[in-house]
Visitor: 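Handing you this structure, nothing more for now.
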Amino acid sequence: MATPINIDKMATFCKQKGFIYPSSEIYGGISGFFDYGPLGSELKNNIKQAWWKFHVQDREDIVGIDGSIITHPKVWVASGHVENFEDVMLECTKCRERYRGDVLIEDMLKIQADGLKADDINKLVKQNNINCPKCKSPLGEAAPFNLMFQTNVGPKAAKDSVAYLRPETAQVMFVDFKYIVENARLKLPFGIAQIGRAFRNEISPRNFLFRCREFEQMEIEYFIHPEKSNDCPFLKSVESHEIFVWSEEMQKKKQKEKKMKIKEALEKGIIKTAWHGYWLATEHKWFISLGADPDKFRIRQHLSEEKSHYALDTWDLEYNFPFGWKELQGMANRTDFDLQQHIKHSKKDLSLFDEQEKKKIVPHVVAEPSQGVDRAFLVMMFDAYNQDPKDKERDWVVLKLNPKIAPIKVGIFPLVNKLEDDAREVYESLKTLFTCQFDRSGAIGRRYARADEIGIPYCVTFDFDSREDKSVTIRDRDSTKQVRVKIEDLKNTLYQLIVGEIEFEKAGKLIKQK
Ligand code: GAP
């Protein structure tokens, strides 16, 4: 069980240990932008690699791309973002502080307000006498605010050179659709995946990495035949998977979320299509495979008034953050909205030929698992953070990151400085396979503590007996147990431990501890 800490404490911990820095802090910082430090960039890369392996490399039905951040501006006209990608802004009439309307309403009235229009927000502000939380003065009229960052392409800043930094990675997958299908010889059902930066000029970025202005997304557009939304060949693999479910009906009736099997949610018509059920369970399973606590997740259906302009049905995978249940991943059924829009605006044929029915079809995106990398990073950190005040032996933080994503997998220590050359030899032999850290400074206990705090799962110590018995000690971060292992077996043993193929106690000769 992780130790609960608030988001500010997590931000401080991340800064102190070199995971995340507020961007350009020496100039006073810039709100909504963050830099990943030495450990943060390793952890973030590991999360992205784990996602790519699970969703692309381990599957036959999904291929990946890496599209450009700036595209032709017509992409965003066709997608509806130029017209619709907006939040409602409230501004204080006195101190000029700006608030995102739905977030302020949620904070003040504790109701679900995502997607409320400016008129509804104005009404709620008046009815409930909501004033500026900062200076208590009246708020001005709510107004829509488009979240896309604009730039100019080329040397002349003119109307016809305006372009946008992408607010989602998704559109490139629709625009390049025809090429990808042909080159990868894809047959329905199939998915296209992408990891990359997205930019949103958020009105009030907050909660550290949770809502930033520059972030990364890991997205899949999963395409199916328009008439086959229940034809999911993988459903069996998730039918008995359990998850907390909070449907639109349950929310409207003020009922709590309920744990159920995917099979039950589909049979009762709570989740409408087999494909949507499959993807919701699969995304939950991905987090669990990396060590996250299954019961801190739930799936919540969007209320009708909350859905994006393109969505038929949307479920969010939510996580119970210290600041409440929040969206971790959006999963919309986008139907053929995007492909049809691009067909209309580009006048290009993006349909596929249905060999069986001998007719053209425009595939549907039955589910779009869309995950923020930075939010996944936060989940891994919150689930890993442990500090037990009752543990007198270990009065420091133990970051119990799953070994698969831990930024540094192995620490290598000489017990005393005169064994440094021998320990270095071990380090040299391991570093080609694992991200390792060599540490010779301070007492061994201090080195273990430093390793625990940054989540190194295994520490290898070269001691006085090592030259004789050609063995070293491996210490397990989570249990502090130690095993003795032959140096010639070390690579293999560490690999098995990291991927979870063996239990620690069976990895070598268990050392009795005092
Ligand atoms: N293509 C669909 C799409 O972009 P979204 O729900 O707007 O849907 C998907 O975004 C995911 O991207 C979210 O669930 C979240 O994890 C992440 N995300 C969105 N806005 C973010 C922000 N301002 N800061 C960090 N992550 C964000």
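Every number for a ligand or one of its atoms is a count from 1 in the order of the listing.
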Visitor: Which residue supplies the protein heavy atom nearest to atom 15 (C) of ligand 1, what is that atom called, and how far is it?
Guide: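 Atom 15 (C) of ligand 1 sits closest to the protein heavy atom R375 NH1, 3.4 Å.
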Visitor: Can you name the side-chain hydrogen bond (donor to acceptor under 3.5 Å, both in side chains) partners of K404, sequence neighbours left out?
Guide: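 Expected list: none.
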Visitor: Using a 4.0 Å cutoff against the non-hydrogen atoms of G330, which atoms of ligand 1 qualify?
Guide: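 Listed by number with element: 14 (O).
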Visitor: So for ligand 1, is C212 a polar contact partner (N or O within less than 3.5 Å, distance only)?
Guide: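 Looking only at distances, the answer is yes, because the N/O contact criterion of under 3.5 Å is met.
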Visitor: Evaluate whether atom NZ of K307 has more than 12 neighbouring non-hydrogen atoms of other residues, nucleotides or ligands under 6.0 angstrom away.
Guide: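 Yes.
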Visitor: Please list, in number order, the atoms of ligand 1 under 4.0 Å from a heavy atom of R334.
Guide: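 Here the atoms of ligand 1 in question are 1 (N), 2 (C).
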Visitor: Sequence neighbours left out, cut at 3.5 Å: what donor-acceptor pairs do the side chains of residues 210-218 make with other protein atoms?
Guide:
unit_1: R213; atom_1: NE; unit_2: E202; atom_2: O; d: 3.0
unit_1: R213; atom_1: NH1; unit_2: S31; atom_2: O; d: 3.0
unit_1: R213; atom_1: NH2; unit_2: E202; atom_2: O; d: 2.7
unit_1: E214; atom_1: OE2; unit_2: R197; atom_2: NH1; d: 2.8
unit_1: E216; atom_1: OE1; unit_2: K48; atom_2: NZ; d: 3.0
unit_1: E216; atom_1: OE2; unit_2: K44; atom_2: NZ; d: 2.6
unit_1: E216; atom_1: OE2; unit_2: K48; atom_2: NZ; d: 3.2
unit_1: Q217; atom_1: OE1; unit_2: T169; atom_2: N; d: 3.0

Visitor: Quick check, are the ring centers of Y21 and F34 under 6.0 angstrom apart?
Guide: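 No, ring centres 6.0 Å or more apart.
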Visitor: Is E305 atom CD crowded by more than 12 heavy atoms from other residues, nucleotides or ligands, each under 6.0 Å away?
Guide: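 It does: E305 CD has more than 12 such atoms within range.
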Visitor: Is E248 paired with K252 through a side-chain N to carboxylate O contact shorter than 4.0 Å?
Guide: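 The answer is yes: the pair qualifies as a salt bridge.
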Visitor: Is the closest heavy-atom distance from D374 to ligand 1 below 4.0 Å?
Guide: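 For ligand 1, residue contact (heavy atoms, under 4.0 Å) with D374 is absent.
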Visitor: For atom 11 (C) of ligand 1, what's the nearest protein heavy atom and its distance?
Guide: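 Answer, as residue, atom name and distance: S370 O, 3.5 Å.
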Visitor: Among all protein non-hydrogen atoms, which one is nearest to atom 10 (O) of ligand 1, and what is the separation to 0.1 Å?
Guide: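 For atom 10 (O) of ligand 1, the nearest protein heavy atom is Q217 NE2, 3.4 Å.
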Visitor: Can you tell me which portion of Y310 lies within the under-4.0 Å heavy-atom range of ligand 1? Options are side chain, backbone, both, or neither.
Guide: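 The side chain, only.
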Visitor: Could you tell me whether T169 approaches ligand 1 through its side chain, its backbone, both or neither, with non-hydrogen atoms closer than 4.0 Å?
Guide: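 It is neither; nothing of T169 touches ligand 1.
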Visitor: Among protein heavy atoms, which sits nearest to atom 14 (O) of ligand 1, and what does the distance come to when rounded to 0.1 Å?
Guide: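 Here the nearest protein heavy atom works out to E327 OE2, 2.5 Å.
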Visitor: Does F210 reach ligand 1 with a nitrogen or oxygen that is under 3.5 Å from one of the ligand's nitrogen or oxygen atoms?
Guide: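 Yes; at least one N/O pair falls below 3.5 Å.
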Visitor: Would the F297 and F244 ring centres measure less than 6.0 Å apart?
Guide: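 Ring-ring flag for F297/F244: false, centres at least 6.0 Å apart.
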Visitor: Could you check whether atom NZ of K296 has more than 12 heavy atoms from other residues, nucleotides or ligands sitting under 6.0 Å from it?
Guide: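 Above 12, so yes.
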Visitor: Report yes or no: does F208 have a heavy atom closer than 4.0 Å to ligand 1?
Guide: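 Contact check F208 vs ligand 1: negative.
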Visitor: At what distance is the nearest protein heavy atom to atom 18 (N) of ligand 1, and which residue and atom is it?
Guide: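 Nearest neighbour among protein heavy atoms for atom 18 (N) of ligand 1, to 0.1 Å: F215 CE1, 3.5 Å.
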Visitor: Are H225 and D354 close enough that a side-chain donor and a side-chain acceptor fall under 3.5 Å?
Guide: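 D354 and H225 do have a side-chain donor-acceptor pair below 3.5 Å.
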Visitor: Which ligand 1 atoms, with their elements, are less than 4.0 angstrom from a heavy-atom of Q329?
Guide: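 So the atoms of ligand 1 that pass are 14 (O).
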Visitor: Taking distance alone, with no angle check, do G372 and ligand 1 share an N/O pair under 3.5 Å?
Guide: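 The answer is yes, given that G372 and ligand 1 share an N or O pair closer than 3.5 Å.
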Visitor: Of all the atoms in ligand 1, which lie at a distance below 4.0 Å from a heavy atom belonging to E368?
Guide: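 Selected atoms, number and element: 1 (N), 2 (C).
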Visitor: Report the residue from E221, H342, Q341 that forms a side chain to side chain donor-acceptor pair (under 3.5 Å) with Q171.
Guide: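 The single option meeting the side chain to side chain donor-acceptor pair (under 3.5 Å) with Q171 is H342.
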Visitor: Against heavy atoms of E168, which atoms of ligand 1 measure under 4.0 Å?
Guide: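 Result: 1 (N), 2 (C), 3 (C), 4 (O).
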Visitor: Under 4.0 Å, heavy atoms only, figure out whether ligand 1 is touched by the backbone of E219, its side chain, both or neither.
Guide: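 For E219, only side-chain atoms sit under 4.0 Å from ligand 1.
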Visitor: Give the residue and atom name of whichever protein heavy atom lies nearest to atom 7 (O) of ligand 1, and the separation in Å to one decimal.
Guide: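 Ranked first by proximity to atom 7 (O) of ligand 1 is R200 NH1, 2.8 Å.
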Visitor: Quick check on contacts: which atoms of ligand 1 are under 4.0 angstrom from a heavy atom of L328?
Guide: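 Within the 4.0 Å cut-off of L328, ligand 1 contributes 14 (O), 15 (C), 16 (O).
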Visitor: With a distance cut-off below 6.0 Å to the six-membered ring centre and an angular limit of 45° from the axis, does R59 pair with F234 as a cation-pi contact?
Guide: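 Yes - R59 lies over the ring of F234, closer than 6.0 Å to its centre and within 45° of its axis.
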Visitor: Under 6.0 Å from the six-membered ring centre of W325 and within 45° of its axis: does the NZ or CZ of R298 meet both?
Guide: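 Yes, a cation-pi geometry holds between R298 and W325.
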